[in-house]
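Below is one structure, written out as structure tokens; comments come after it.
A note on names: the letters A, B, ... follow the listed sequences, proteins ahead of strands, and every chain is numbered from 1.
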2 protein chains.
Amino acid sequence: MDRTHDPKLTSFVASANGHDDFPIQNLPFGIFSPPGGKPRGGVAIGDSILDLGAVAPLLAGEARRAAEAAAGDALNPLFALGAGPRRALRAALSALLAADSAKDAEVRPHLHDAAGCTLHLPARIGDYTDFFAGIHHAANAGKQFRPDNPLLPNYKYVPVAYHGRASSVRPSGTPVRRPKGQRKPPAEAAPSFGPCRNLDYEMEFGIWIGPGNAQGEPIPIAEAAGHIAGFSLLNDWSARDIQSWEAQPLGPFLAKNFCTSVSPWVVTPEALEPFRIAQPKRPEGDPAPMAYLLDPADQAGGALDLAVEVLLQTPKGGPFRLSLANTSHLYWTFAQMVAHHTIGGCNLAPGDLFGSGTISAPSEDGYGALLEITYGGRKPVRLPNGEERSFLEDGETVILRARATREGCVPIGFGECRGTVLPAT
Amino acid sequence: MDRTHDPKLTSFVASANGHDDFPIQNLPFGIFSPPGGKPRGGVAIGDSILDLGAVAPLLAGEARRAAEAAAGDALNPLFALGAGPRRALRAALSALLAADSAKDAEVRPHLHDAAGCTLHLPARIGDYTDFFAGIHHAANAGKQFRPDNPLLPNYKYVPVAYHGRASSVRPSGTPVRRPKGQRKPPAEAAPSFGPCRNLDYEMEFGIWIGPGNAQGEPIPIAEAAGHIAGFSLLNDWSARDIQSWEAQPLGPFLAKNFCTSVSPWVVTPEALEPFRIAQPKRPEGDPAPMAYLLDPADQAGGALDLAVEVLLQTPKGGPFRLSLANTSHLYWTFAQMVAHHTIGGCNLAPGDLFGSGTISAPSEDGYGALLEITYGGRKPVRLPNGEERSFLEDGETVILRARATREGCVPIGFGECRGTVLPAT
């Protein structure tokens with residue numbers, strides 16, 4: 001921890017002090033357009049956004065180089081620079097935005113009111129990969145097909161993942177059109193075509209890749225964390241009826257590729273340093289991770305203690321909390337995901353995106369998808385206003401939030417990942 | 001058919017006349033670098049490559065616009081223009097390169113000897129999707145797990161596909177490093193880590209996407225063919241031992257993402273017009289395609305009659321033919337793949353790549369992967385020089401070829417898709 005994490009640090013941007021998500025201890029990066037302006041890199045500070053390219057001349061050295069790399073319409077060049085310049089930029093921004101900043105007068109003209117800005121995807125996503133590291137989710141989903149043996153034999157050895165669709169990842173706020181497709185409920189003899197009946201969300205953590213690797217050259221686990229540029233929230237919208245019919249033998253396809261939502265602010269590993277924890281000890285009897293997935297430093301501090309929350313807003317009320325879980329419920333660390341992804345030689349590139357897999361707590365109040373909460377739709381959930389839901393209905397909004405808190409630290413958040421369901425066309 | 005297909009047409013480029021792959025009736029597009037020069041768009045003509053940007057000033061109207069769009073280091077802008085300009089460019093190039101060309105003197109300086117050029121990926125691939133439309137392959141692979149019921153119930157309803165890795169697609173000629181990973185043969189109690197023991201190829205057809213669609217707006221089947229820019233050969237290298245351990249429940253991941261090879265020349269739908277055939281009639285008892293997959297014109301002429309061949313070169317001999325099949329062995333048309341991919345709202349973009357799925361003939365001499373030829377490695381194949389192979393060994397080269405022939409037409413080919421296996425590091 002360094003002075004950027006100091007709980008006594010405040011900003012001359014008054015809205016930052018005590019801000020739920022974006023106090024000066026956070027400083028996440030994103031791409032925004034001010035009213036009438038072009039997309040560009042920015043940093044969130046309270047209810048404002050600071051234009052990174054515009055303040056680059058106020059910076060020097062690595063920090064300036066990083067701010068210049070963030071001046072375009074995607075953060076890929078910043079991500080490509082890696083931890084050193086990103087860390088230098090964050091430290092320099094912390095000083096620029098501090099209550100005792102010597103340059104506040106020069107900075108103020110480059111602050112934009114966030115409420116008037118449009119937020120975009122933070123990067124051009126080359127490839128998107130979705131992991132399955134939420135062990136309670138994997139068990140809950142598996143129970144629906146294999147009640148006695150919910151986790152498959154590979155689960156505790158392999159950080160299971162599949163390739164997702166990069167083109168349909170959208171920033172928070174983009175509405176989600178209910179997909180049509182083939183569905184075959186078990187009771188029907190043949191499939192039919194029509195709008196998805198079992199539309200669901202999945203509460204995931206998004207991991208943005210920084211520097212990549214050459215094809216054929218795996219990233220060792222001890223270096224893997226250095227290839228992560230930051231984190232967002234991710235909603236892996238899922239059409240359960242389409243999925244159950246199409247997904248054998250090659251995995252989910254149309255059930256997932258109509259849309260994936262991400263929160264637009266990339267919270268850096270630096271901002272999350274105070275919230276790092278040891279990877280929770282595996283239950284007695286579980287195999288140890290193989291050597292290519294095992295690093296002492298990663299085991300000692302590669303997990304995160306972040307509360308993640310799902311809320312549902314219906315046309316009649318809310319938002320109501322559907323679940324509260326924690327990123328520590330993931331069975332694999334983010335570094336293990338990077339090491340596994342590349343162990344066969346697959347090349348990652350700056351701006352690639354991973355999903356963590358659905359994060360579910362062990363208890364029912366922390367299940368990360370309606371599939372689990374409603375037991376495949378068989379036990380509808382009752383909302384506080386009396387409405388019942390098995391799956392998502394048109395006009396409803398799903399909101400994901402995450403918050404890092406720790407004794408002696410200023411809490412930081414991720415902003416929202418939000419999407420409203422539009423009816424099928 | 002038009003004058004570009006005229007079998008009497010010859011070129012002033014002498015090597016084109018009677019050329020196996022690239023007579024003047026073909027004119028495929030690709031990206032090449034002449035010695036010491038930058039990557040740029042070109043068209044293959046016999047043993048030469050014509051620089052498209054350089055000859056753009058000799059063209060007019062749509063053809064000129066298309067040649068200018070092909071002048072950069074990737075064909076995405078040409079693909080985005082769609083069929084009209086692409087067709088106009090092909091017609092204009094046919095006239096420019098014909099034996100009776102009025103401009104042969106102006107064209108000659110822009111011809112490069114293909115043997116001295118480097119060929120690149122034809123486009124920047126946004127997303128890569130691998131279909132599973134080879135029904136004999138699906139049945140052969142399924143037999144290894146479910147001898148009595150090899151095809152899953154969804155196979156004849158759903159053009160099954162999964163998302164692949166775009167970053168690791170490489171042009172023909174790029175060596176393929178044997179991947180390491182987790183493997184667990186059925187006889188062993190726990191998985192082990194090491195080099196893939198069951199390395200395989202898959203003979204597939206590659207489909208390049210032209211104009212895309214907006215998210216949420218499916219491409220109707222009747223318009224789907226218009227979204228295809230052309231075709232290549234594709235080798236979906238597969239690590240069978242890694243695949244069988246990792247692929248449940250979400251599909252293949254590291255087993256495929258270490259490398260996918262494509263042939264560098266994009267053969268256009270126009271060049272293939274003489275080789276279009278009706279989609280073969282489905283066997284008695286098979287369900288009809290659902291309405292969103294059914295178009296009379298596509299059924300009448302949406303399939304292709306192309307012989308596809310796999311050859312193996314070992315350090316001791318060859319190349320030996322391992323199989324000969326035909327693109328007509330695919331259960332779904334290319335237009336059906338496009339319509340299915342977008343039916344839920346997924347957006348395609350110019351330069352996206354599809355694999356057809358492994359193309360296998362019904363008979364053993366046309367099986368498109370060693371998995372099928374050697375029955376999962378249990379019945380090694382005997383090569384003409386006496387060597388036996390269950391799976392690929394280091395130092396071996398797999399070569400894919402395809403050829404279109406028809407009475408009264410000049411045959412055209414695709415060039416090669418070739419890759420040599422390097423030992424694991």
Side-chain angles (χ1 to χ4, degrees), chain A residues 126-127 129-130 132 141-142 145 152-154 157-158 160-168 170 177 179-182 184 190-191 193 196 212 215-218 239 242 245-255 257-259 287 290-292 340-341 343-349 352 422 425, chain B residues 126-127 129-130 132 141-142 145 152-154 157-158 160-168 170 177 179-182 184 190-191 193 196 212 215-218 239 242 245-255 257-259 287 290-292 340-341 343-349 352 422 425:
Chain A
D127 278 286
T129 298
D130 198 18
F132 193 50
F145 306 101
L152 288 163
N154 60 8
Y157 293 94
V158 179
V160 171
Y162 66 102
H163 298 294
R165 180 81 192 176
S167 74
S168 56
R170 287 291 175 271
R177 179 73 62 189
K180 292 184 189 172
Q182 296 190 29
K184 200 196 82 60
F193 178 84
C196 167
Q215 196 164 0
E217 296 180 16
I242 294 172
W245 173 235
E246 75 171 359
Q248 284 299 326
L250 299 176
F253 181 59
L254 299 187
N257 71 10
F258 56 97
C259 190
M290 286 194 184
Y292 78 94
H340 182 69
H341 203 312
I343 188 63
C346 181
N347 51 317
L348 304 180
D352 285 351
L422 302 180
T425 44
Chain B
D127 278 285
T129 298
D130 199 18
F132 193 50
F145 307 101
L152 288 164
N154 59 8
Y157 293 93
V158 179
V160 171
Y162 65 102
H163 299 295
R165 180 81 192 177
S167 74
S168 56
R170 287 291 174 274
R177 179 73 63 188
K180 291 183 188 171
Q182 295 189 29
K184 200 196 83 58
F193 178 83
C196 168
Q215 197 166 0
E217 296 180 14
I242 295 172
W245 173 235
E246 75 170 0
Q248 283 300 325
L250 298 176
F253 181 58
L254 298 187
N257 71 10
F258 55 97
C259 190
M290 286 195 183
Y292 78 93
H340 182 70
H341 204 313
I343 189 63
C346 182
N347 49 317
L348 303 180
D352 284 351
L422 300 182
T425 44

>> For chain B, which candidate among Ala291(A), Gly164(A), Gly142(A) shows the most heavy-atom pairs at distances under 4.5 Å?
In response: Gly164(A)

> Checking heavy atoms, do the side chain of Ile343(B), its backbone, both or neither come under 4.5 Å from chain A?
Replying inline: both

> By a 4.5 Å heavy-atom criterion (distance strictly below it), what part of Leu422(A) contacts chain B: side chain, backbone, both, or neither?
Replying inline: neither

> For the rings on Tyr162(B) and Tyr162(A), is their centre-to-centre separation under 6.0 Å?
Replying inline: no

> Between Gly345(A), Pro252(A), Pro191(A), which has the largest tally of heavy atom pairs under 4.5 Å with chain B?
Replying inline: Pro191(A)

> Can you tell if the side chain of Arg165(B) reaches within under 4.5 Å of the side chain of Thr129(A), non-hydrogen atoms only?
Replying inline: yes

>> At a heavy-atom distance under 4.5 Å, which candidate from Met290(A), Gln182(A), Gln248(A), Lys180(A) has the highest pair count against chain B?
In response: Gln182(A)

> Is it the side chain or the backbone of Leu250(B) that comes within 4.5 Å of chain A heavy atoms, both, or neither?
Replying inline: both

> If you count heavy-atom pairs under 4.5 Å between each of Tyr292(A), Phe132(A), Phe258(A), Trp245(A) and chain B, which one has the most?
Replying inline: Trp245(A)

> What part of Ile242(B) gets closer than 4.5 Å to chain A, counting heavy atoms only: side chain, backbone, both or neither?
Replying inline: neither

>> Does any backbone or side-chain atom of Cys259(A) lie under 4.5 Å from a heavy atom of chain B? Answer side chain, backbone, both or neither.
In response: both

> Are side-chain N/O atoms of Glu246(B) and Tyr157(A) paired as donor and acceptor at under 3.5 Å?
Replying inline: no

> Tell me, side chain or backbone of Asp130(A) under 4.5 Å from chain B's heavy atoms, or both, or neither?
Replying inline: neither

>> Under 4.5 Å from any heavy atom of chain B, what part of Val158(A) do you find: side chain, backbone, both or neither?
In response: both

>> Main chain of Gly344(A), side chain of Arg177(B): is a donor-acceptor contact present, judged purely on distance under 3.5 Å?
In response: no

> Below 4.5 Å, heavy atoms only, C-beta onward: do His341(A) and Asn257(B) meet side chain to side chain?
Replying inline: yes

>> Parallel, tilted or perpendicular, judged at 30° and 60°: which one describes the rings of Phe253(A) and His163(B)?
In response: tilted

> Among all residues two or more places apart in sequence or in another chain, which pass the side chain to side chain donor-acceptor pair (under 3.5 Å) test with Arg170(B)?
Replying inline: Gln215(A)

> Is it the backbone or the side chain of Pro153(B) that comes under 4.5 Å from a heavy atom of chain A, or both, or neither?
Replying inline: both

> So which of Cys346(A), Pro218(A), Gly251(A), Pro179(A) has the largest heavy-atom pair count under 4.5 angstrom toward chain B?
Replying inline: Cys346(A)

> With chain A, which of Asn347(B), Asp352(B), Leu348(B), Val160(B) has the greatest number of heavy-atom pairs at distances under 4.5 Å?
Replying inline: Asn347(B)

> Has the side chain of Asp127(A) got a donor or acceptor atom that lies under 3.5 Å from a matching backbone atom of Ser167(B)?
Replying inline: yes

>> Just to verify, what does Ser168(A) make a side chain to side chain donor-acceptor pair (under 3.5 Å) with, not counting sequence neighbours?
In response: none

>> If we define contacts as heavy-atom pairs under 4.5 Å, which of Gly212(A), Gly126(A), Pro249(A), Pro287(A) has the most with chain B?
In response: Pro249(A)

>> Contact between His340(A) and Leu254(B) at the side-chain level, heavy atoms closer than 4.5 Å - yes or no?
In response: yes

